[in-house]
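Notes follow once the structure below has been shown.
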Amino acid sequence: MQAIPGYKTTYQILKEGSGAAIQKKSNATVHATGVVKESGKKFWSTKDPGQKPFSYQAGVGNVITGWDQGCLGMKVGEERMLVIPADEASIEFQQLKRCITLADARAMEQLVSLPGAFRRKMERPELLRRGYYNEVNEDAWPGPFEDVFVYIICQEAAELPKIRNYIEKADAVATRQGRVLRHIIFNLNLNKLRADIEYYKKLLPFQPGQATPKVHLDFFSTFRNAYFIRFGKYTQTVLRDPFNINYVGAMYHAYPSPWQVFMQDPDGNYQPIHATDLRPSITCVKRKLQRANSLWRDVGLPEDESKDDVYKVVDLKAAGTIQKTVLQFIKEGAGDALWWEEAFEDEVSRKWQDAGYAGYAGDRLVTIQARSFLWQVDDFCKHVELHLPKDGKKAKRSKCAQMGPHGPTRQAQVVFATAWLATDNVFVVGTLAASEALMRKHFPEILTGRVLSYTAVPPMTCEGMNLVAIDTLHLFPTTLECAKLVEEKYAKKAMWKMPKGITTKDEFIAKYGDCEELDSADFDFVSKVEPFQRALEECEKDILITGRRMDQAAQRIKLDVWEDQKRTLNPMANFSWQDIIDYVDKEGVPVNAGHNWAFRCDAPIEATSRHLPDLPWTKVDLGKPFWRCSEAEIKGSPPAAITYVFKSFGDMHTTVPVEPHESERSGRFVRQAKTECGIHTRTTFAGAPHGGSLVDLMVKDPADIKRLTDSAVKSIELNERQACDVFCLLSGAFSPLTGFMEEGAYNSVVKDMRLPEKQLFGLPVTFDLPEVDGINKGDKLLLKWKGENVAVMEASSIWKPNKVVEAKECYGTSSLEHPTVASLVQEIGKYYVGGRIHGFELPKFGYTTQTPAEVRATLPENKQVVAFQNRNPIHRAHFELLICAQKDVKDSILLVHPTCGPTQPGDIDGLVRIQTYEALKTETEKEYPMFRWAYLPYSMKMAGPREAIQHMIIRKNYGATHFIIGRDMAGTKSTIDGEDFYGPYDAQETGKKYSAELGVTVTHYENMVYVGPEEGYVQDVKAANVEAEPDWADGSMPQLWEVVGGSDKGGILVRQGRELTSPEDGRLSTGAVILEAEIQGERLRYSLLNGSGPESGWISLKVKDKAMVIRRDAWKTKARVLALHGAPSNSNIMKFQTAQLRKVAGEDFEWIFPDGCCAWKPLPGSELLHLAERTPMEKAIAKDKPFVQWYSHPEPSAEELAVGRGKTMSFENVEYENVEDAVKFLDEYVSKNPVDIVVGFSQSGTLLAILMNTLRKANRPIPWLFTVLFCGAMIDDARYALEEPLAMPALYVHGGDADPWGRHGERCLPSMYSNLEMLEHSDGHSFPSSAPRALEIYQHVVQRMYAAMLKLASESIAKSKGYKVVKLSGTEFRRRLRAGEDIPEWFAFKSVVDILRKAGDSAFCA
């Protein structure tokens, strides 16, 4: 036999040929006959009846490998005998073997692409006779076992006994050979196995050798497969269009990795959408596919995925029949689960569902009662032995001993955090007589330090590991009763901690207010996080143990048993709720007596309302935990329509009862946007990175680097933006990303701001190219930066993105006026390539950079870390803000972490900024040693709120526990008109929204403004920034409040920040009137208008349900509005014209209506509006008051009338008369009658402009704040024209084309007012009256009037405090830099200015 280099197939030439030889890629036609070597039996031949010679292209994989390689070189007429081993005898089988070892989305695509003939072939039972399942005969079996064994179960359930027999024998042989077999279940046909079993169950008597359910329940449930691959195409009927919904997916599991669910997209590609360590039921897979296809609403799923109990086992009406309503059937189809999932209670083992269990849990034929938790107990013991020191206190290791999970010699303090829930009690305690508790039975020395004498009275003092319990002062009374019972019964006292400095609930309320008024994160911090961290410090905690479990879903679904980064053990992670209650019942573990309660009612009550008093339900004590009761016992007689029970207990205000079938924690935090208490999400030291661990993509082995480099098909030189992204990916700053986003992840982040795994991520991270010719999926691309090789990317996804959608979703606009959107459309390549990257060397940028791991290594333990991101030089206002933040977050480190990559045009260049940071660092490091500096190569996107989330994630990865978000973070302005794209506090609000989920506290501050050398810098809310004018775009009005509480304490308590832990700032006097700045929950930020106390700060709206402040319906002093009529007119007509405006304005304004000082009379026959006779209606409204005007026009002469002048309107050569008298009259009037706002109609608007110009020339202030002009108001007499525009804020409203004066004013007024806003209606030369436009205009006018009054109030505060805000804008700063003009030291550090001046124009980005 002759060998073929590189292959196992051999050949022998039986007959020589003389024709042309078969070459690679040549077309060949051959006859072939297949024979089983061992038996000599023919199984196929091209010479059989109905067959014909086989034609194929040689050497390119179109036939099986052995055939393809063995025939190369054959000549025409030649005959060969090929000996082909099994692994080279099936091209599809080889493809299958390659695919299953990949365990990724691409494997799904390749498996689906297997030919249909191969699938049909693999479904046949004779596979057992065809070599796929060889009979186990160790002597006749040459060579070692194959690496992979495949078991295909799809055609007949009768194959189960054969496979069972084979596995048991093969495992025995493998054990003797010292090997472990990797078993694969590849179920190509989803329904056959289930149908066969159901058929046998219902219709036929069981026959010997047939696959009865017992075969499965006894053997298959204990079968721990290494691979499970299952495809499914689902069709669901829904009640509305499109009525039938099709979706395709796959379930895949490669032991011991998590189970994965893949979705097939329209292109036939598979994308991972879900991963879990629990085997998903068919319902779970369907739900994940439905949500990934955005079908949740169509199929009737709850919007909140955490409320979708996908692991619920449905009730059975009869064997194999699922109880469903008609509506459920229409929505969900016939079945939720496979037959073995429905019959799970009869299974011998749950090994098939576990991803981390190896070996048997004792005897497979254990009783059903003990079945539930035996293997979990075994798993529990394995992890405790691996991670915990033997006595619960010390882990002593010799330096020369093998290193364990705890590293070198150290003192290891073990702490268990107990909330006295059933899981916690199962962990700690058990029956005394039987001593069957988990820790007491298996590890008493860890729990107690030594085995207790259970008969001792009183019990021995416990040592060993620490139990920490937190009394939030808001626990259920039954929780405390349960805790006391556990402690007394098992002589294991816990270390109890309460909120710092507080011992009673009344003291808590007195200091912080009612818990209902507190922000949930604040309550968690005060009552749980701080006490818990205090306890851990006292215990000198090294390892923390929790009772968290994966089946509690939400953030725990991917819970690891051992979290190395946190040094946290979750030994109960693999237990289920059923396991817990099984153990409770078997071992007599004490549980919360609240489980005995049932709440019966006639109709459902929303979960968010079940905490309210006096609900329409009846509370019943069942006398035993609800899970020991029948449905009839729970519902009562007659049966209640709805019954609720408590499945878990947190604080009384955060926990409500749920229906018995709902998940364990579904009643927790139902009124709050979170699923975890703060202990698990908020820390006082550098917490876990985003996703749980820092990603490290650097390749260490030079051989691997060479291999990757050589495999690249193309080299790409990065631009600076791409190089920054590569740095962030390789260093772990973008954890958990392992490369540039693939199309599925990109779409998910663009649309939902979440990765496919549902982790939050602010913006897509993409690699763009102008063209992708010559690049295919699977190719490797060599990435270079400044000529140096930095990484190789595997191109697993190539697509052309919809940049309009990306712009709208990520930046909130598709306008090219947004600088990043313009770059996205005009500069960034039109194709994106996604895939994992392998790093060789971090890109270098001309300045020192630090990775997250490097920064974390410098952070001291047990210190909170406040991070500050900025993209500009740090000026004094920034630095003052940093000082405030570091002081407010006590005992903290301040991480100054600027982004130094590309930013928007006009910003200071990154390299120049680095020089300023280094200078400032040197200048301040002695006085501020708690400041740390690090520089991040990151390309700014100017995406406002979404970029704030991106920055929070990056700083979380760098170790931050707090993140400063200032005003207008990552904001930008239109390149055309300078308008902001985002609101000033949009980023702050978004950051606060996701703060709990990210585990990073947002520290927000107002602008820091300079108010003089004595006061220095203060927050602008304290300085009452006189330039700020809020915009109530939603139609709301500024709200006044009056302080009514605190009369017995000298007023109500004011704090400097929103959090109840922020410093106190005195008391606000009872009766004080304040202006609302913002409300968050039950906390209000204010500015003081009158009364005594802090001029600004945060207060509580209520304490113990008692109001501290009440809304005021009017200002203490009403704003005075001067309403000036047009001509000819009078005050009565003006009152009529402004009636609707005054109605919208309400009672907060006092209106003054003077009459004009110039007489008027009509011009007979004139058609001009201002000269024509008044109508009867106008005369009736005037109420006998004469018609007057403010100034007059010369009467037309007879000649002018003869040629038509005077009858038609003209805006040229216009002359005014009596103007000086009118100006004097109005000047004196407002001097005697002070006003705040002036509303002028038509001619009076012209007079107002002339008056303001007159005052300006005399260097006199204009004695009102805001001017509203209706129709006209232009100056057409050249003698009174303005030399320069007026600075007075003005709003101009005109009647469009039906208003010639108004349209003329529209052309003229922009040159008369520098701060002008214009609105238009269609009602001509009058006040607007047509709905809905009239109301829109009046609401906007009133908003501007309120804004003016707020400014007045701010000025009053500033004046009373002696503040004078001094401002220097960024634009003015840069202008002065370029012009070489003076820059005051109160604005910028001299060292920073010197560096910028030296850099000159090169300091600015182009």
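Any value given below was found using the heavy atoms of this structure, including those in side chains, with hydrogens, waters and symmetry copies removed.
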What heavy-atom pair brings A535 and K497 nearest, and what distance separates the two atoms? CB-CG, 3.7 Å

Closest heavy-atom pair, M969 versus A948, reported as atoms and distance to 0.1 Å, is SD-CB, 4.1 Å

What pair of heavy atoms forms the shortest contact from T472 to S527, and how long is it? CG2-O, 3.7 Å

Between L1084 and I1074, is there a side-chain heavy-atom distance shorter than 4.5 Å? yes

Can you check ring-ring contact (aromatic ring centres under 6.0 Å, His included) on F646 and F599, steps first, answer last? CA-CA 9 Å; F646 276 106; F599 299 82; 5.7 Å; yes

Nearest 0.5 Å, what's the CG-CD distance between L473 and E507? 8.5 Å

Pairwise side-chain contact, M498 with I470, heavy-atom cut-off 4.5 Å (strictly under): no

Should F963 and V865 count as side-chain neighbours, where that means a heavy-atom distance under 4.5 Å? no

With ring-ring contact (aromatic ring centres under 6.0 Å, His included) as the test, would you mind laying out the steps for H653 and H611 before giving the verdict? CA-CA 7 Å; H653 69 292; H611 67 292; 9.3 Å; no

Anything under 30° is parallel, anything over 60° is perpendicular, the rest tilted; go ahead and classify F649 against F476. perpendicular

Side-chain heavy-atom pair K887, I883 within 4.5 angstrom cut-off: yes

Donor-acceptor pair, side chain of T655 and main chain of D651, under 3.5 angstrom: yes

With the side chain counted from C-beta on, respond yes when T479 and C482 share a heavy-atom pair under 4.5 Å apart, and no when they do not. no

Which atom pair, heavy atoms only, marks the closest approach of Q988 to I965? NE2-O, 3.0 Å

Taking it one step at a time, do L882 and I964 satisfy side-chain contact (heavy atoms from CB on, under 4.5 Å)? CA-CA 9 Å; L882 300 183; I964 298 173; 4.0 Å; yes

Using modelled atom types and a 3.5 Å cut-off, is there a donor and acceptor pairing between side-chain atoms of R1055 and backbone atoms of S1062? yes

When you measure from the centre of the six-membered ring of F1149, is the NZ or CZ of R1120 under 6.0 Å away and within 45° of the axis? no

Could you grab the distance from atom NZ of K863 to atom CD1 of I893, nearest 0.5 Å is fine? 5.5 Å

Can you tell me how far the OG atom of S1047 sits from the CD1 atom of I1052, to the nearest 0.5 Å? 11.5 Å

Of V645, V620, T478, the residue whose pairing with W597 passes side-chain contact (heavy atoms from CB on, under 4.5 Å): T478

Checking R610 side chain against P657 main chain: does a donor-acceptor pair fall under 3.5 Å? yes

Take V1054 and Y1086 through the test side-chain contact (heavy atoms from CB on, under 4.5 Å) and record every step on the way to the result. CA-CA 10 Å; V1054 178; Y1086 72 89; 3.6 Å; yes

Any donor-acceptor N/O pair, Y644 side chain to I605 backbone, under 3.5 Å: yes

Begin from the C-alpha positions of R955 and F868 and carry the test side-chain contact (heavy atoms from CB on, under 4.5 Å) through to its verdict. CA-CA 9 Å; R955 273 67 194 190; F868 174 69; over 6 Å; no

Answer with yes or no whether the side chains of R1085 and S1096 bring together a donor and an acceptor at under 3.5 Å. no

Does Q886 reach the side chain of S892, with side-chain heavy atoms less than 4.5 Å apart? yes

What's the shortest heavy-atom distance between L1053 and I1099, and which atoms? O-CG2, 3.6 Å

Take N592 and H595, measure what side-chain contact (heavy atoms from CB on, under 4.5 Å) needs, and give me the verdict at the end. CA-CA 6 Å; N592 197 310; H595 289 306; 4.0 Å; yes

Compare all side-chain heavy atoms of F532 with those of L544 and state whether any distance is below 4.5 angstrom. yes

Check whether any side-chain heavy atom of E1078 sits under 4.5 Å from a side-chain heavy atom of R1058, and report yes or no. no

Identify whether the distance between the nearest side-chain nitrogen and carboxylate oxygen of E989 and K992 falls below 4.0 Å. yes

Any chance you could measure N596, atom CG, to F626, atom CZ, to the nearest 0.5 Å? 10.0 Å

Taken to the nearest 0.5 Å, the spacing of E1059 CD from Q1080 CD works out to 8.5 Å

Is it the case that the side chain of T1070 and the backbone of G1045 share a donor-acceptor pair, with hydrogens and angles ignored and the cut-off at 3.5 Å? yes

If we ignore angles and hydrogens, is there a donor and acceptor under 3.5 Å between the side chains of W1041 and E1076? yes

In this structure, CD of Q1339 is separated from CZ of R1344 (nearest 0.5 Å) by 15.5 Å

Of the non-hydrogen atoms in T1003 and A885, which two are nearest, and what is the gap between them? CG2-CB, 4.5 Å

Quickly, which of T1001, T990, L760, L998 forms a side-chain contact (heavy atoms from CB on, under 4.5 Å) with M952? Name it, please. L998

